[in-house]
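For reference, the structure is listed below as structure tokens.
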Amino acid sequence: MSDVLEKIKTRRSVKKYKPDMIPQDIIDKVTEAGLYAANGMGRQATIIIQVTNKEMRDKLSELNRQIGGWKEGFDPFYGAPAVLVVLGKKDCPTHVYDGSLVMGNLMLAAHELGVGSCWIHRAKEEFETDFGKELLKSLGIEDEYEGIGHCILGYPEGDYPETPERKENRVFTIQ
């Protein structure tokens, strides 16, 4: 089996991380993989925000927690020290699908590079808030973008999750 198929089959969502920051060159490689995701009509209408600043990471986590309705003190980013936020340009009709493909590439690249990852939702709601809009503005992002997801990154604490058996009766053939 090819290495790509093996990585697809063995990638799992990690929900407990060591506090150790990932080197920037690894984060850049993961990010680059996201930039090569398939996208509608080649528009490349997605952007990625790398968040490695702990203060900003914690602000995003807290906003995510509030939106999710969890108790104070819960970290929806599971302690991951780095976050890649994926956003899609709202005027692109395929922005959600394109952003989803970016997220998939990010998680597979992280796995290939020995880094744990997990897709965390509520980016849409975060970037609809004044805080989210101001954050984009502070980065010079003026177009209208919708948050697609957060790809949290870190070194797994404990065992890497095992691959569960696949459910049956999920493929149908027309010949």
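This chain uses plain numbering: 1 for the first residue, then up along the sequence.
- Every ring-ring contact (aromatic ring centres under 6.0 Å, His included) that Tyr160 has, sequence neighbours left out, goes to His111.
- With sequence neighbours left out, the salt bridge (charged side-chain N to carboxylate O under 4.0 Å, His left out) criterion links Asp28 to no other residue.
- Aromatic ring pairs are classed by plane angle as parallel below 30°, tilted from 30° to 60° and perpendicular above 60°; the pair Trp70 and Phe74 is tilted.
- Of the residues listed (Lys15, Arg12, Arg11), the one engaging Pro161 in a side chain to side chain contact (heavy atoms under 4.5 Å, CB included) is Arg12, and it is the only one.
- Contacts of Pro19 classified as side chain to side chain contact (heavy atoms under 4.5 Å, CB included), with partners at least two apart in sequence or in another chain: none.
- Other residues, nucleotides and ligands contribute over 12 non-hydrogen atoms within 6.0 Å of the OH atom of Tyr155.
- Thr31 contributes a side-chain N or O that, together with a main-chain N or O of Ile27, makes up a donor-acceptor pair within less than 3.5 Å.
- Listed by chain and residue number, Arg166, Lys167 satisfy the side chain to side chain contact (heavy atoms under 4.5 Å, CB included) test with Arg170 (two or more places apart in sequence, or in another chain).
- In this structure, Lys29 places its NZ atom where only 12 or fewer heavy-atom neighbours from other residues, nucleotides or ligands lie under 6.0 Å away.
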Compile the donor-acceptor pairs under 3.5 Å between side chains in residues 80-94 and protein atoms, sequence neighbours left out, one pair per line.
residue	atom	partner	partner atom	Å
Lys89	NZ	Asp143	OD2	3.3
Thr94	OG1	Asp98	OD1	3.4
Thr94	OG1	Asp98	OD2	2.8

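- Side-chain atoms of Asp75 do not come within 3.5 Å of backbone N or O of Gly73 as any donor-acceptor pair.
- For Arg65, the salt bridge (charged side-chain N to carboxylate O under 4.0 Å, His left out) partners are Glu62, not counting sequence neighbours.
- Put simply, CD1 on Ile152 and SG on Cys118 are 5.0 Å apart, with the number rounded to the nearest 0.5 Å.
- Scored by the ring-ring contact (aromatic ring centres under 6.0 Å, His included) test, His95 finds no partners at all (sequence neighbours excluded).
- Residues Val96 and Ile47 do not share a hydrophobic cluster, defined by chaining ILVMFWY side chains whose heavy atoms lie under 4.5 Å apart.
- Residues passing the side chain to side chain contact (heavy atoms under 4.5 Å, CB included) test with Asp58 are Lys54, sequence neighbours excluded.
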Table please: side-chain donor-acceptor pairs of residues 121-130 below 3.5 Å, with sequence neighbours left out.
residue	atom	partner	partner atom	Å
Arg122	NE	Asn64	OD1	2.8
Arg122	NH2	Asn64	OD1	3.2
Lys124	NZ	Glu128	OE2	2.6
Glu126	OE1	His150	NE2	2.9
Glu126	OE2	Asn64	ND2	2.7
Glu126	OE2	His150	NE2	3.0
Thr129	OG1	Glu126	O	2.6
Thr129	OG1	Phe131	N	3.4
Thr129	OG1	Gly132	N	3.0

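- Within the structure, every pair that satisfies the salt bridge (charged side-chain N to carboxylate O under 4.0 Å, His left out) test and touches residues 151-160, not counting sequence neighbours, is listed here: Lys16-Glu157.
- Taking Tyr36 as the reference, Glu32 meet the side chain to side chain contact (heavy atoms under 4.5 Å, CB included) condition, with sequence neighbours excluded.
- Residues passing the salt bridge (charged side-chain N to carboxylate O under 4.0 Å, His left out) test with Glu55 are Lys59, sequence neighbours excluded.
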